[in-house]
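Take this structure first; my questions come after.
Note: hydrogens, waters and symmetry copies are ignored here, and every other heavy atom, side chains too, is used. A, B, ... follow the sequence lines: proteins, then strands. Residue 1 opens every chain.
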2 protein chains.
Amino acid sequence: MIYIIIQTKVKKMELSRKVSNCKSCIYRSWAFKNLSAEELKIINAKKVEKFYRKGENISTEGDEILSFMYLQNGLVKLYKTEINTKEHILSIAKPQDFIGLLSIFSNTKHIYSTTAIEDSIVCFVDLEIIKKFIKTNGTFAIDFFEKISTVSDSVIKTRIDINTRQLRGRIAYILLFFSKHIYSSIRFNLPISRKEVAELIDMSTENVIRVLSEFRKDNLIQIEGKNIVILDIKRLEKIYALG
Amino acid sequence: MIYIIIQTKVKKMELSRKVSNCKSCIYRSWAFKNLSAEELKIINAKKVEKFYRKGENISTEGDEILSFMYLQNGLVKLYKTEINTKEHILSIAKPQDFIGLLSIFSNTKHIYSTTAIEDSIVCFVDLEIIKKFIKTNGTFAIDFFEKISTVSDSVIKTRIDINTRQLRGRIAYILLFFSKHIYSSIRFNLPISRKEVAELIDMSTENVIRVLSEFRKDNLIQIEGKNIVILDIKRLEKIYALG
DNA sequence: TATCATTAATGATATATATCATAATATATA
DNA sequence: TATATATTATGATATATATCATTAATGATA
């Protein structure tokens with residue numbers, strides 16, 4: 001029992017160590033490409049990298065906003081807890097994505113929470129440093145602004161795409177989303193539970209399961225627990241397009 | 001017949017002339033407060049102000065993005081035309097609001113359309129000039145970024161607020177929105193049709209009318225065509241809070 | 001391994017909401 | 001002013017979706 005816990009910690013530290021020199025990562029990354037070697041050094045010195053096991057909370061609504069969070073590896077969900085303890089997932093960040101929404105630049109506290117849905121490595125860059133570079137490095141400012149301004153808008157587009165469709169269209173969306181956008185494969189392991197799928201596309205858990213079964217019976221997909229294979233992507237795309 | 005058209009044009013020009021010197025407006029406005037007198041002069045020289053009559057289209061999906069649009073006066077809706085010619089309204093801009101979403105900084109073409117829902121005056125500032133000032137004026141850059149980054153995020157928050165509620169909660173939302181946020185009065189003239197309300201809060205036109213009638217019968221509001229008076233704001237807020 | 005808790009799976013039922021139909025107003029247009 | 005068109009209004013009906021109930025399967029924990 002204790003042995004397992006220790007082993008987990010060791011694994012955590014090993015992973016953390018493995019990525020601790022992130023020069024290559026940040027340097028290549030689109031968001032920081034206009035920083036000088038000197039500026040990158042400052043960010044490197046102050047940045048913190050953390051490993052999160054699947055299911056671990058990264059940030060919580062109400063927390064002070066101190067960092068720009070950047071996903072090195074894994075998958076992270078951004079969600080809001082409703083009054084009735086229900087959760088509403090806004091988006092799923094994939095590697096190389098900035099985690100969160102733009103309002104980290106105008107708010108002082110997080111209004112959404114983030115949790116790892118797969119083992120993840122998150123890079124925390126001091127927000128004040130980024131603001132400082134926005135002020136002092138014009139080329140970085142404009143490029144960073146252009147890159148970062150897509151984040152919130154793509155969440156809006158997705159919300160509309162989902163809410164203008166009904167159940168079958170929404171399930172088609174989520175299958176295509178993981179297949180094309182996240183895993184680039186027609187065969188993948190759904191990283192979230194049916195309940196979380198429901199929270200992501202605004203429907204009841206039972207109906208998520210029901211429509212998935214329907215798609216299976218209809219030979220659109222193959223399901224074995226979390227493992228999903230898309231059998232007829234053309235027809236799935238048609239279902240999505242029709243709503 | 002012809003007479004009326006000419007009269008309209010005259011009124012348009014008069015209004016346009018009246019506001020042509022916008023030094024006071026832009027100068028006081030929160031978005032441009034960190035620009036120097038010199039920089040403001042450049043913006044003033046290049047900016048274009050246009051008057052739009054209620055119902056007139058301002059920009060359309062697919063149009064090239066050339067300007068940062070800023071609402072001087074009136075009300076403007078931001079919407080998307082769905083495949084089935086249905087329209088989906090994202091937000092309503094009020095005076096002093098930036099019209100549009102942040103992706104104007106990353107996209108080359110508009111993905112949403114804008115139309116005046118009340119007689120409006122829109123100020124078009126060349127986007128390249130703003131980008132130039134972001135590059136060259138650090139204080140402006142950071143402040144502008146902080147201010148502007150709220151726009152898209154507040155649309156997201158509103159979308160969630162609406163979609164997690166059912167019909168009565170949504171109608172309560174829209175009544176409180178116009179009363180508190182737009183007109184600061186419990187008595188106001190609804191600037192949009194019931195159909196547009198439906199497009200804004202994701203429900204059918206018939207049900208918008210039905211729930212409004214229900215609220216009237218329940219002595220929550222008073223309706224005479226577009227004219228609405230909120231009689232019991234406390235109870236309306238409770239309906240909104242409960243969903 | 002046994003026990004418990006969570007997740008997945010379906011069927012039956014209830015409910016919310018959309019759609020259809022029709023009429024009365026109001027608004028725009030000739 | 002008359003006529004057409006769009007908006008508002010309400011009832012009846014259909015439909016989509018959620019909720020409730022139950023069981024099976026899976027995973028976690030002792």
Report task. Name the closest nucleotide to the R194(A) side chain, picking from dA9(C), dA18(D), dA9(D). Result -> dA9(C)
Report summary line: Rounded to whole Å, the CZ-C1' distance (F215(A) to dA8(C)) equals 18 Å
Query raised in the report: Atom NZ of K195(B) and atom C1' of dT27(C): how far apart are they, to the nearest Å?
Result: 15 Å
Query raised in the report: Please give, in whole Å, the distance from dT17(D) P to R165(A) CZ?
Result: 13 Å
Query raised in the report: Which part of the nucleic acid, if any, lies within reach of R168(B) when heavy atoms closer than 4.0 Å are counted: base, sugar-phosphate only, or nothing?
Result: nothing
Report task. Taking only the side-chain heavy atoms of S204(A) (C-beta and beyond), determine which of dG11(D), dT19(D), dT8(D) contains the nearest atom. Result -> dT19(D)
**Report entry** Rounded distance (Å) that lies between atom C1' of dT15(C) and atom CE of M203(B)
**Finding:** 16 Å
Query raised in the report: What does R170(A) touch in the nucleic acid at a heavy-atom separation under 4.0 angstrom: a base, only the sugar-phosphate, or nothing?
Result: nothing
Requested in this report: May I ask you to verify if any side-chain N or O of R216(A) is less than 4.0 angstrom from the OP1 or OP2 atom of dT10(C)?
Outcome: yes
Query raised in the report: Considering only dT17(C), dT10(C), dT7(D), which nucleotide approaches the side chain of S193(B) most closely?
Result: dT7(D)
Report summary line: Of dC20(D), dA18(C), dA9(D), the nucleotide closest to the side chain of E206(A) is dC20(D)
**Report entry** S152(B) side-chain N/O to L102(B) backbone N/O, donor-acceptor pair under 3.5 Å
**Finding:** yes
Query raised in the report: With respect to the side chain of I209(B), which nucleotide from dT17(D), dT8(D), dC20(D) is positioned closest?
Result: dT8(D)
Query raised in the report: Does T205(A) make a side-chain N or O approach to OP1 or OP2 of dT7(C) shorter than 4.0 Å?
Result: no
Query raised in the report: Is it true that R210(A) and E214(A) have a side-chain N and a carboxylate O under 4.0 angstrom from each other?
Result: no
Report summary line: Rounded to the nearest 0.5 Å, the OH atom of Y240(B) sits from the CG atom of L175(B) at a distance of 12.5 Å
Report summary line: When rounded to whole Å, the CG to P distance for the pair N227(A) and dA25(D) reads 19 Å
Query raised in the report: So does K226(B) get a side-chain nitrogen or oxygen closer than 4.0 Å to the phosphate oxygens (OP1/OP2) of dT7(D)?
Result: no
**Report entry** Between P of dG11(D) and CD of E214(B), the distance in whole Å
**Finding:** 12 Å
Query raised in the report: Between dT25(C) atom P and I223(B) atom CD1, what is the distance in whole Å?
Result: 16 Å
**Report entry** Heavy-atom pair of closest approach, residues L71(B) and V76(B)
**Finding:** CD1-CG2, 3.7 Å
Query raised in the report: Partner of dT13(D) by Watson-Crick or G-U wobble geometry, both contacts under 3.5 Å, or none?
Result: dA18(C)
Query raised in the report: Does N207(A) place a side-chain N or O at less than 4.0 Å from the phosphate oxygens OP1/OP2 of dA18(D)?
Result: yes
Report summary line: I171(B) atom CD1 is separated from dT17(C) atom C1', nearest whole Å, by 13 Å
Report task. Using atom types as modelled and distance alone, determine if a side-chain donor or acceptor of N57(B) lies under 3.5 Å from a backbone N or O of S59(B). Result -> yes
